[in-house]
Number of protein chains: 2
Amino acid sequence: MNAVGSRLLTRSTEDYLKAIYSLGGDAGLPVQTAAIADALGVAAPSVSGMLRRLAEAGFLEHIPYRGVRLTDDGRRVALRMVRRHRILESYLTSKLGYDWDSVHDEAERMEHAVSDDLIERMAQVLGSPSYDPHGAPIPTPAGEVEELKHVPLAELGVGQWGELRMVSDKDPERLRFLKSVGLEVGTRFQVIERQPFNGPVTIRVAGRQPQPLGNELARSLGCAARETEGAA
Amino acid sequence: MNAVGSRLLTRSTEDYLKAIYSLGGDAGLPVQTAAIADALGVAAPSVSGMLRRLAEAGFLEHIPYRGVRLTDDGRRVALRMVRRHRILESYLTSKLGYDWDSVHDEAERMEHAVSDDLIERMAQVLGSPSYDPHGAPIPTPAGEVEELKHVPLAELGVGQWGELRMVSDKDPERLRFLKSVGLEVGTRFQVIERQPFNGPVTIRVAGRQPQPLGNELARSLGCAARETEGAA
DNA sequence: ACAAGAAATTAGGTGGCCCTAAATATGAAG
DNA sequence: CTTCATATTTAGGGCCACCTAATTTCTTGT
Ligand SMILES: [Mn+2]
Ligand SMILES: [Mn+2]
Ligand SMILES: [Mn+2]
Ligand SMILES: [Mn+2]
């Protein structure tokens with residue numbers, strides 16, 4: 001019997017499960033209360049209360065004072081939300097002229113309101129895309145996701161060519177900045193210089209001036225190493 | 001000071017205000033508790049409680065034991081929801097292959113989740129439509145709606161030609177039936193026979209057999225009288 | 001004028017989801 | 001092994017939006 005039967009699937013619970021999933025509630029260490037509270041912008045006691053209910057409903061296992069891990073049911077719900085979110089971001093970007101820095105908030109609300117049918121219709125008119133506008137892989141309706149192994153831009157060696165493959169969609173400011181310096185998913189660049197002590201990394205995108213990037217930013221950019229300047 | 005400032009604009013309150021508007025909370029008699037309860041599928045005491053809060057927030061005036069009427073603020077919110085709903089139904093129908101009998105439920109949920117920006121983008125790609133797929137007029141962003149003066153099919157005389165202009169979107173079963181007998185918005189037909197005592201009305205659509213329609217159904221179909229068989 | 005019936009409100013209660021303040025468990029350092 | 005900082009949970013409360021049962025108000029027929 002599927003725990004999804006409980007009509008406990010509200011906007012809040014969906015966002016909790018999605019957040020827990022993306023904090024790694026899948027494998028490895030249990031996800032801690034404070035991380036969830038931080039991700040969702042709620043107080044820790046609110047998380048404690050919600051975790052109790054989600055555990056009762058069978059979406060996760062809770063080890064008190066340790067953290068939580070998703071059950072199969074919980075993971076199923078989380079992946080469904082991730083698919084919804086990413087299909088929505090893709091659709092809004094391709095069909096309604098949204099920029100990659102403004103789709104996230106819209107998708108964050110819509111993901112709870114639309115039917116599976118609508119999501120699949122959108123996927124269909126897009127030709128079943130595999131990646132969202134930020135380069136994140138879109139889970140299949142069956143709940144399979146591609147495992148990406150990108151290297152952070154901050155770890156590429158001086159002189160090396162790379163291609164930007166994936167960027168976090170959480171901070172619009174950051175996305176606008178990246179676009180302003182010519183960095184989008186698929187952009188090729190060469191690493192010109194790396195300052196020590198977690199200093200900035202300087203890169204050059206074809207046809208542009210060298211551009212220094214702060215270390216924190218450079219660590220958040222998922223890249224693929226490339227042999228040459230040539231485009232994909 | 002605009003009462004919209006109160007972040008009392010939740011899914012429930014939006015649906016209440018929209019329902020009150022469409023029950024005539026605009027002009028004429030005050031809308032009664034039972035009518036609202038019936039429209040929204042909740043118990044009467046739930047409505048009493050909500051009306052108190054909506055009145056406090058300035059969206060309507062409540063005369064106890066009599067009913068409610070929308071204030072300007074309330075009407076503004078209601079018309080905004082009506083616009084959203086109808087733009088959504090139009091978009092889903094034109095761009096995502098929905099049938100006119102399945103859009104309503106989807107729009108009913110989405111109308112609370114999307115931004116004004118998304119609605120206006122949808123309106124734009126559609127070319128700012130004036131009517132939704134059921135023939136209902138779409139309010140402008142400023143909150144103006146066309147006043148339609150349709151005549152119920154049940155009131156057309158025998159022998160008279162008419163054109164179907166508007167159908168309620170609330171009952172998918174009814175919409176499927178209408179499509180199955182060739183009736184869509186814009187369809188021309190001739191009245192063949194009318195039984196007395198609120199009996200059925202028989203019409204003929206070009207290229208089809210005469211079709212009897214129950215009186216209740218015939219009263220719910222908004223039509224325009226036409227001189228000839230010729231299409232619009 | 002009054003009693004019955006219908007409609008609405010009040011009373012009292014539930015669950016969801018959030019909060020702050022207080023108590024408690026954990027783990028690292030001394 | 002104790003102490004202390006930090007993380008977590010518990011306690012207690014608020015608001016929203018629903019419910020059923022009881023009460024009150026309105027209307028209408030006699
Ligand atoms: Mn996103
Ligand atoms: Mn969300
Ligand atoms: Mn509708
Ligand atoms: Mn609605």
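Both backbone and side-chain heavy atoms feed into the values below; hydrogens, waters and symmetry mates do not. Naming convention: chains lettered A, B, ... in sequence-line order (proteins, then strands); numbering from 1 in each chain.
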Taking [atom1] from [X] and [atom2] from [N], how many angstroms apart are they, rounded to a whole number?
| X | N | atom1 | atom2 | answer |
| --- | --- | --- | --- | --- |
| Arg11(A) | dA17(D) | CZ | P | 15 Å |
| Arg66(B) | dC26(D) | CZ | C1' | 7 Å |
| Ile63(B) | dC26(D) | CD1 | C1' | 14 Å |
| Leu9(B) | dA17(D) | CG | P | 10 Å |

Polar side chain donor-acceptor pair, [X] to [Y], under 3.5 angstrom:
| X | Y | answer |
| --- | --- | --- |
| Arg174(A) | Ser220(A) | yes |
| Thr202(B) | Arg194(B) | no |
| Asp171(B) | His104(B) | no |

Looking only at heavy atoms, what is the nearest atom pair of Leu70(A) and Leu17(A), with distance?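 Closest heavy-atom pair between Leu70(A) and Leu17(A): CD2-CD2, 3.7 Å.
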Assess the residue pair Asp15(B) and Arg11(B) against the criterion (salt bridge (Lys or Arg N to Asp or Glu O under 4.0 Å)); give the C-alpha distance rounded to whole Å, side-chain angles, the decisive distance to 0.1 Å, and a yes or no. CA-CA 6 Å; Asp15(B) 277 338; Arg11(B) 169 165 187 180; 3.6 Å; yes
Could you check Pro64(A) against Gly41(A) and say which one's nearest nucleotide on DNA chain C is further toward the 5' end?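 First, find each residue's nearest nucleotide; the 5'-ward one identifies Gly41(A).
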Looking only at atom types and distance, does a side-chain atom of Ser90(A) sit under 3.5 Å from a main-chain N or O of Arg86(A), one as donor and one as acceptor?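 Such a contact is found between Ser90(A) side chain and Arg86(A) backbone.
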Expected output: side-chain Glu106(B) to main-chain Ser115(A) donor-acceptor under 3.5 Å: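 It does hold such a pair.
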Return all side-chain donor-acceptor pairs below 3.5 angstrom for residues 42-67 of chain A, not counting sequence neighbours, or 'none' if the list is empty.
none

For DNA chain C, the residues among residues 45-53 of chain A that have a non-hydrogen atom under 4.0 Å from it: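 Of all residues in residues 45-53 of chain A, the ones placing a heavy atom under 4.0 Å from DNA chain C are Pro45(A), Ser46(A), Met50(A), Arg53(A).
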Can you list, pair by pair, the side-chain donor-acceptor contacts under 3.5 Å of residues 132-157 of chain A, counting residues two or more places apart and other chains?
unit_1	atom_1	unit_2	atom_2	d
Asp132(A)	OD1	His134(A)	N	2.7
Asp132(A)	OD1	Gly135(A)	N	3.1
Asp132(A)	OD1	Ala136(A)	N	3.1
His134(A)	ND1	Glu89(A)	OE1	3.0
His134(A)	NE2	Trp100(A)	O	2.8
Thr140(A)	OG1	Ala142(A)	N	3.3
Thr140(A)	OG1	Gly143(A)	N	3.2
Thr140(A)	OG1	Glu144(A)	N	3.0
Glu146(A)	OE1	Tyr131(A)	OH	2.7
Glu146(A)	OE2	Tyr131(A)	OH	3.0

With the criterion being N/O to N/O and under 3.5 Å, what pairs connect the protein with nucleotides 4-7 of chain D, and how long is each?
none

Phosphate OP1/OP2 of [N]: any [X] side-chain N/O under 4.0 Å:
| X | N | answer |
| --- | --- | --- |
| Ser12(B) | dC16(D) | no |
| His62(A) | dT8(D) | no |
| Thr10(B) | dC16(D) | no |

Along DNA chain C, 5' to 3', what are the outermost nucleotides having an atom less than 4.0 Å from a heavy atom of chain B?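 Extent of the interface on DNA chain C: dA8(C) to dT10(C).
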A side-chain contact here means heavy atoms from C-beta on lying under 4.5 Å apart; do Leu96(A) and Tyr91(B) qualify?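 Sidechains of Tyr91(B) and Leu96(A): in contact.
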Could you note down all residue pairs passing salt bridge (Lys or Arg N to Asp or Glu O under 4.0 Å) where residues 116-125 of chain B supplies at least one of them, sequence neighbours left out?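 Qualifying pairs: Arg80(B)-Asp116(B), Arg83(B)-Glu120(B), Arg84(B)-Asp116(B), Asp117(B)-Arg121(B).
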